[in-house]
Amino acid sequence: MNKQPEITDATRETLVNAFFQLARKNNINQVTVREIINLAGYSRATFYRYFKDVFALVEYAEDSFFQKTRAALAEHEAGNGVYDRRFFEIFIKCFNEDPARISVLMSEQNLSHFIRRMREKTIDNINTQIAGTPKKGAITDMFFSSVFSAIANHIQNPNALTDEDLLDIIQNLFVDWYWPQMTVEI
């Protein structure tokens with residue numbers, strides 16, 4: 001007999017929540033399956049029914065965030081398709097919706113992994129009309145690293161900048177540097 005989707009979703013979410021609770025206290029890379037199942041109250045077999053390992057759980061959490069972000073941005077893009085101030089406000093809002101999880105996903109130990117995966121998941125949306133070249137790839141890598149490092153710093157030190165200041169920095173970097181570099185003939 002198959003379990004109801006609500007039950008399996010709730011079980012998965014309980015495991016994910018246990019992971020984040022542990023990862024806020026410890027290094028993200030040191031959280032074990034045993035710790036997760038002990039905190040969540042499930043068996044090892046239940047954990048492996050949902051995730052191959054702890055890294056798969058992290059990727060599941062990242063993918064959930066990426067999907068939520070893409071959905072929020074897609075609504076804006078459907079309206080005008082312009083990377084305007086509202087686009088960047090929505091983008092920052094997505095990071096602010098669950099700061100406890102995002103602070104773990106963008107922790108020092110996981111930041112490069114998060115940036116690489118975020119870039120992979122969003123690059124098609126940003127550069128749909130731009131042919132890729134090695135130079136444009138390098139420019140995109142620099143842009144993503146800069147933006148997500150700034151967001152990670154903001155999440156880890158929320159009083160250092162206001163959301164508005166961070167938004168200004170990201171928008172200016174995009175408008176004044178990234179987009180002009182990507183739209184010139186190389």
Side-chain angles (χ1 to χ4, degrees), residues 1-78 87-126 144-145 147-163 166-167 170:
M1 179 166 92
N2 289 339
K3 293 185 179 182
Q4 295 175 358
E6 305 86 40
I7 294 171
T8 58
D9 289 345
T11 302
R12 181 182 295 108
E13 196 59 27
T14 299
L15 293 166
V16 170
N17 286 335
F19 166 79
F20 279 105
Q21 194 173 344
L22 294 162
R24 280 191 293 277
K25 298 175 189 167
N26 304 314
N27 180 316
I28 188 173
N29 297 317
Q30 294 175 338
V31 175
T32 66
V33 171
R34 173 172 290 174
E35 292 172 316
I36 295 169
I37 63 173
N38 286 344
L39 184 59
Y42 289 106
S43 69
R44 187 173 286 276
T46 299
F47 178 89
Y48 288 115
R49 190 174 303 132
Y50 294 93
F51 303 106
K52 177 181 147 194
D53 53 26
V54 176
F55 299 109
L57 185 152
V58 171
E59 288 191 356
Y60 169 82
E62 289 172 341
D63 288 345
S64 296
F65 173 75
F66 300 151
Q67 289 169 1
K68 182 179 73 171
T69 303
R70 272 198 313 266
L73 294 173
E75 290 178 28
H76 173 73
E77 291 171 350
F87 174 87
F88 293 103
E89 287 171 353
I90 294 167
F91 188 73
I92 295 299
K93 182 179 178 244
C94 290
F95 283 88
N96 287 332
E97 285 180 354
D98 194 350
R101 281 193 181 190
I102 293 300
S103 67
V104 169
L105 293 175
M106 296 184 78
S107 66
E108 190 175 317
Q109 300 83 18
N110 197 56
L111 184 58
S112 62
H113 181 263
F114 182 88
I115 291 171
R116 180 184 55 78
R117 292 202 69 238
M118 183 71 165
R119 182 187 184 280
E120 289 169 0
K121 299 287 184 180
T122 59
I123 196 68
D124 291 338
N125 293 345
I126 291 178
F144 270 78
S145 294
V147 167
F148 293 113
S149 293
I151 292 171
N153 184 283
H154 181 61
I155 289 167
Q156 301 300 331
N157 305 295
N159 297 325
L161 287 175
T162 65
D163 283 353
L166 178 63
L167 183 59
I170 293 171

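Owing to the predicted nature of the structure, the values given are computational and were not obtained by experimental measurement.
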For Ile90 and Ala72, work out which heavy atoms get closest and say how close. CG2-CB, 3.7 Å

Using the side chain to side chain contact (heavy atoms under 4.5 Å, CB included) rule, pick out the option among Asp53, Asp63, Leu105 that qualifies with Val58. Leu105

Apply side chain to side chain donor-acceptor pair (under 3.5 Å) to Asp163 and list each qualifying residue two or more places apart in sequence or on a separate chain. Asn96, His154

Worked verdict on His113 versus Phe55 for side-chain contact (heavy atoms from CB on, under 4.5 Å): CA-CA 11 Å; His113 181 263; Phe55 299 109; over 6 Å; no

Pairwise side-chain hydrogen bond (donor to acceptor under 3.5 Å, both in side chains) hits with a residue in residues 23-34, at least two apart: Thr32-Glu35

May I ask you to check whether Phe114 and Phe144 place their ring centers less than 6.0 Å from one another? no

Residues passing the side chain to side chain donor-acceptor pair (under 3.5 Å) test with Thr162, sequence neighbours excluded, are Asp165

Rounded to the nearest 0.5 Å, how far does CG of Leu166 lie from CZ of Phe88? 11.0 Å

Does a donor on one side chain and an acceptor on the other come within less than 3.5 Å for Thr46 and Ser43? yes

Mind checking side chain to side chain contact (heavy atoms under 4.5 Å, CB included) for Asn153 and listing every partner two or more places apart, or none if nothing turns up? Asn157

Stepwise, does the side-chain contact (heavy atoms from CB on, under 4.5 Å) test hold for Glu89 with Lys93? CA-CA 6 Å; Glu89 287 171 353; Lys93 182 179 178 244; over 6 Å; no

Take Leu57 and Tyr50, measure what side-chain contact (heavy atoms from CB on, under 4.5 Å) needs, and give me the verdict at the end. CA-CA 8 Å; Leu57 185 152; Tyr50 294 93; over 6 Å; no

side-chain contact (heavy atoms from CB on, under 4.5 Å), that's the test. Do Phe148 and Arg119 meet it? Break it down for me. CA-CA 10 Å; Phe148 293 113; Arg119 182 187 184 280; over 6 Å; no

Quick one: list whatever passes side chain to side chain contact (heavy atoms under 4.5 Å, CB included) with Ser149, sequence neighbours left out. Leu111, Ile115

Could you measure the distance from the CG atom of Asn110 to the CD1 atom of Ile28? Nearest 0.5 Å is fine. 4.0 Å

With sequence neighbours left out, which residue pairs that include part of residues 10-48 fulfil the ring pair (Phe, Tyr, Trp, His ring centres under 6.0 Å) condition? Phe47-Phe51

Can you name the side chain to side chain donor-acceptor pair (under 3.5 Å) partners of Gln156, sequence neighbours left out? none

Between the CZ atom in Phe95 and the CD1 atom in Ile151, the distance rounded to the nearest 0.5 Å is 4.0 Å

Output for pair (Arg117 CZ, Phe65 CZ), nearest 0.5 Å, gives 12.5 Å

Measure the spacing between CZ of Phe87 and CG of Leu73 and express it to the nearest 0.5 Å. 4.5 Å

What pairs with Lys68 under salt bridge (Lys or Arg N to Asp or Glu O under 4.0 Å), at least two apart in sequence or on another chain? Glu97

Could you tell me the separation between the OG1 atom of Thr14 and the CD1 atom of Ile36, rounded to the nearest 0.5 Å? 12.5 Å

Restricting to side chain to side chain donor-acceptor pair (under 3.5 Å), what partner residues turn up for Gln109, sequence neighbours left out? Ser107

Test salt bridge (Lys or Arg N to Asp or Glu O under 4.0 Å) applied to Asp98 - qualifying residues, sequence neighbours left out: Arg101

